[in-house]
Amino acid sequence: MDVSFFARDAVAVAADLIGARILVDGVGGLIVETEAYRRDDEASHSYRGPTRANAAMFGPPGHAYIYRSYGLHWCLNAVCEPGSAVLIRALEPTEGLETMVARRRSGAATRRLCAGPGNLCQALAVTGELDGRSLLQPPFSLDPPAGAAGAACGVRIGISKAADRPWRFAVKGSPYLSKPI
DNA sequence: CTATTGATGTTCT
DNA sequence: GAACATCAATAGA
């Protein structure tokens, strides 16, 4: 996994990230759900140009863009071409299960540990402090998918503008999704 | 299972 | 003041 993987169109990266393994400080799992956001995309934070909070989206590819959602939750993205990124929405937990359970507030079942961007960041202890850091260096680690991943695509979730673009990717039938695809 | 609601930081109008 | 790439708790079918 190197920078050239990310320096492409966000939609292509989102599809190819399904099945990859992401760890933060040795805790994490396999990516089962992503969404792509592009520069010329009304639903994207980069649509209206750089601001203080979204600066990382215009930084180098392969770095993290982390933003606060609804004032309460953190969400993790992988930066692609300038102004575009892939939102990591759900993982299948594989490493550090006990650590994740301890970090999540209310006793969440394993299948819900990392189901949804806010939950995922809570389980992996991802916060704004990691915004702009490289995903290819500690505390992050990222490994390519092992074998054929079989990603299905669908419509993005939880947005009000440009909500009909089929830029959500997920492992069909996985029990670890924030919502079935 | 679905529907509704409250919590709350950053940006924009 | 309003919108928002969300979640958990609650009430009802």
Side-chain angles (χ1 to χ4, degrees), chain A residues 6 9-18 20 22 24 29 31-59 61 63-93 100-132 135 151-171 173-181:
Chain A
F6 293 99
D9 175 57
V11 175
V13 176
D16 291 347
L17 271 179
I18 297 295
I22 184 168
V24 181
I31 297 174
V32 294
E33 184 179 349
T34 60
E35 280 178 9
Y37 290 88
R38 302 207 299 201
R39 177 81 168 86
D40 59 342
D41 173 1
E42 286 179 86
S44 171
H45 291 166
S46 58
Y47 183 65
R48 293 166 206 280
T51 66
R52 179 185 237 95
N54 72 9
M57 247 181 127
F58 294 87
H63 284 227
Y65 163 50
I66 298 167
Y67 69 93
R68 209 187 260 285
S69 170
Y70 291 85
L72 307 173
H73 309 286
W74 296 106
C75 297
L76 173 63
N77 297 251
V79 176
C80 302
E81 304 178 303
S84 74
V86 173
L87 171 65
I88 314 240
R89 288 190 57 88
L91 304 183
E92 172 184 340
M100 292 194 263
V101 171
R103 282 173 182 158
R104 297 288 323 277
R105 292 221 168 88
S106 197
T110 304
R111 49 188 294 165
R112 302 248 177 268
L113 265 186
C114 301
N119 290 337
L120 184 158
C121 286
Q122 198 178 353
L124 301 205
V126 169
T127 70
E129 290 190 4
L130 298 173
D131 186 40
L135 293 171
C153 74
V155 159
R156 293 185 292 186
I157 288 182
I159 55 177
S160 53
K161 292 174 221 165
D164 54 346
R165 301 191 194 193
W167 291 347
R168 176 182 182 227
F169 297 89
V171 178
S174 167
Y176 303 100
L177 304 181
S178 58
K179 284 190 169 163
I181 196 161

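The figures that follow rest on heavy atoms only: side chains count, while hydrogens, waters and symmetry mates do not.
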Next on the checklist: Say we look at C:dA9 and B:dG9: how far apart would their C1' atoms be, to the nearest angstrom?
Outcome noted: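 After rounding to an integer number of Å, I get 22 Å for this pair.
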Item to check | Interatomic distance at P, B:dT5 relative to C:dA13, whole Å | outcome: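 The same atom, P, in both gives a distance of 15 Å.
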In whole Å, what is the span from the [atom1] atom of [X] to the [atom2] atom of [N]?
X	N	atom1	atom2	value
A:Ile66	C:dA5	CD1	C1'	15 Å
A:Tyr47	B:dC12	OH	P	14 Å
A:Lys161	C:dA2	NZ	P	16 Å
A:Glu42	B:dT11	CD	P	20 Å
A:Ile88	C:dA5	CD1	C1'	13 Å
A:Arg48	C:dA5	CZ	P	10 Å
A:His45	B:dT10	NE2	C1'	10 Å
A:Asp164	C:dA5	CG	C1'	15 Å

When you get a sec, tell me which of [options] is the closest nucleotide to the side chain of [X]?
X	options	result
A:Ser160	B:dT11, C:dC4, B:dT13	C:dC4
A:Arg68	C:dA5, B:dT13, B:dG9	B:dG9
A:Met57	C:dC7, C:dA5, B:dT11	C:dA5
A:Leu72	C:dA5, B:dT11, B:dA7	B:dA7
A:Ser44	C:dA5, C:dC7, B:dC12	C:dA5
A:Ser69	C:dA5, C:dT6, B:dT11	C:dT6

How is [X] classified with respect to the nucleic acid when contacts are heavy atoms under 4.0 Å: base, sugar-phosphate, or nothing?
X	answer
A:Asn77	base
A:Arg89	sugar-phosphate
A:Ala53	sugar-phosphate

Non-hydrogen atoms of [X] and [Y] that approach each other most closely:
X	Y	value
A:Leu124	A:Arg103	C-NH1, 3.5 Å
A:Ala170	A:Leu177	CB-CD2, 3.9 Å
A:Ala14	A:Glu35	CB-C, 4.4 Å
A:Tyr37	A:Ile159	OH-CG2, 3.8 Å

Next on the checklist: Tell me if the side-chain of A:Tyr70 makes a donor-acceptor pair with the base of B:dA7, cut-off 3.5 Å, by modelled atom types.
Outcome noted: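 Result: no qualifying N/O pair found.
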Item to check | Complementary nucleotide of C:dA5, counting Watson-Crick and G-U pairs under 3.5 Å | outcome: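 With both distances under 3.5 Å required, C:dA5 matches none.
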Next on the checklist: Any strand counts, and the cut-off is 3.5 Å on both contacts for Watson-Crick or G-U wobble. Which nucleotide pairs with B:dT8?
Outcome noted: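 B:dT8 is paired with nothing.
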Next on the checklist: Side-chain N or O of A:Asn119 versus OP1/OP2 of C:dA8: is the shortest distance under 4.0 Å?
Outcome noted: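 Yes, A:Asn119 has a side-chain N/O under 4.0 Å of OP1/OP2 on C:dA8.
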Next on the checklist: So, does A:Arg104 get its side chain near the phosphate of C:dA8, meaning an N or O under 4.0 Å from OP1 or OP2?
Outcome noted: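 Yes, because at least one side-chain N or O of A:Arg104 sits under 4.0 Å from OP1 or OP2 of C:dA8.
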Checklist entry - A:Ser178 and A:Glu33: side-chain donor and acceptor closer than 3.5 Å? => result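 A pair is found: one side chain offers a donor N or O, the other an acceptor, under 3.5 Å apart.
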Checklist entry - In Å, rounded to the nearest 0.5 Å, how long is the span from OG1 of A:Thr34 to CG of A:Leu17? => result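 One gets 6.5 Å once the value is rounded to the nearest 0.5 Å.
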